[in-house]
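Read the structure below first, then the notes.
If you read the sequence from its start, that first residue is 1, and numbering goes on from there. Just so it is clear, the model here is predicted, and its values are computed rather than measured.
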Amino acid sequence: MSSVQVARCIISFTWLYHGIFPKIVHIAPLEALIISSFGFSSDISTFITKAAGIGEIVFGVFFFIFYKTYITNALNIIGLTGLLASVAVLQPQLLIEAFNPVTTNIPLIAFSVILLSHIRKVDFKNR
């Protein structure tokens, strides 16, 4: 399996996993903590968390299909950076916990950089 396919699969899998398990199958306590930081009621927080999970699942599938485009990788980088910044502002103590957004988001951003590098090489060869 090439590095491009490894990056594609890991990014897609991570979005799918984080959408399904800590948001839909079982709302993880840290997910609830982050959403509750906005001051919503418990019911609204649950709805937002599950909606975010659906969005992550949709993006995971979208990424798996359209991983060869600049815009898909840019959306991945922007989304992961935004999620990391949100945690840093809302619940900064989570950045030093085990399996935190720093150790998840930064490697996924790096995988998108690898894919962008591949996209540029392919585009350059085709000119």
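Linking ILVMFWY side-chain heavy atoms closer than 4.5 Å, directly or via other members, places Ile27 and Leu16 in two distinct hydrophobic clusters. No chain of hydrophobic side-chain contacts below 4.5 Å, direct or via other Ile, Leu, Val, Met, Phe, Trp or Tyr residues, connects Ile78 to Leu80. Residue Ile57 is not grouped with residue Ile48 when hydrophobic side chains (ILVMFWY) are merged at heavy-atom distances under 4.5 angstrom, including chains of intermediate members. With hydrophobic clusters built from ILVMFWY side chains whose heavy atoms lie under 4.5 angstrom apart, Phe13 shares a cluster with Phe21. No continuous path of hydrophobic side-chain contacts links Tyr70 to Val122 [ILVMFWY only; heavy atoms under 4.5 Å].
Residues satisfying the side-chain contact (heavy atoms from CB on, under 4.5 Å) test with Thr69, not counting sequence neighbours, are Phe66, Ile71, Thr72. Listed by chain and residue number, Trp15, Ser112 satisfy the side chain to side chain donor-acceptor pair (under 3.5 Å) test with Asn76 (two or more places apart in sequence, or in another chain).
Interatomic distance, SG of Cys9 versus CZ of Phe111, reported as 10.5 Å (0.5 Å rounding). Taking CG of Asp123 as the reference point, atom NZ of Lys125 lies at 11.5 Å (rounded to 0.5 Å). For the atom pair CD1 (Ile10) and CG (Leu108), the distance works out to 8.0 Å, reported to the nearest 0.5 Å. Between the CG atom in Leu94 and the CG atom in Asn100 there is a gap of 8.5 Å [rounded to 0.5 Å].
Closest non-hydrogen pair, Pro29 versus His26, comes out as CD-NE2, 4.3 Å. Looking at every heavy atom in both residues, Phe63 comes nearest to Ser12 through CD2-OG, 3.6 Å. Between Tyr67 and Asn73 the shortest heavy-atom distance is O-ND2, 2.9 Å.
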Practice task
For side-chain contact (heavy atoms from CB on, under 4.5 Å), just list the numbers for Thr104 and His18, CA-CA rounded to whole Å, side-chain angles, deciding distance to a tenth of an Å, and then say yes or no.
Solution key: CA-CA 11 Å; Thr104 303; His18 281 269; 4.3 Å; yes
Exercise for the section: Would you sort out whether Leu95 and Leu84 count as a side-chain contact (heavy atoms from CB on, under 4.5 Å), showing the intermediate values? Expected result: CA-CA 9 Å; Leu95 298 178; Leu84 182 58; 3.8 Å; yes
Practice task
Under the side-chain contact (heavy atoms from CB on, under 4.5 Å) rule, what do Leu83 and Val87 come out as? Steps first, then yes or no, please.
Solution key: CA-CA 6 Å; Leu83 290 168; Val87 171; 5.8 Å; no
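For Glu31 and Thr49, the side-chain atoms include no donor-acceptor pair closer than 3.5 Å.
Both tests pass for Arg8 against the ring of Phe64: distance under 6.0 Å to the centre and angle within 45° of the axis.
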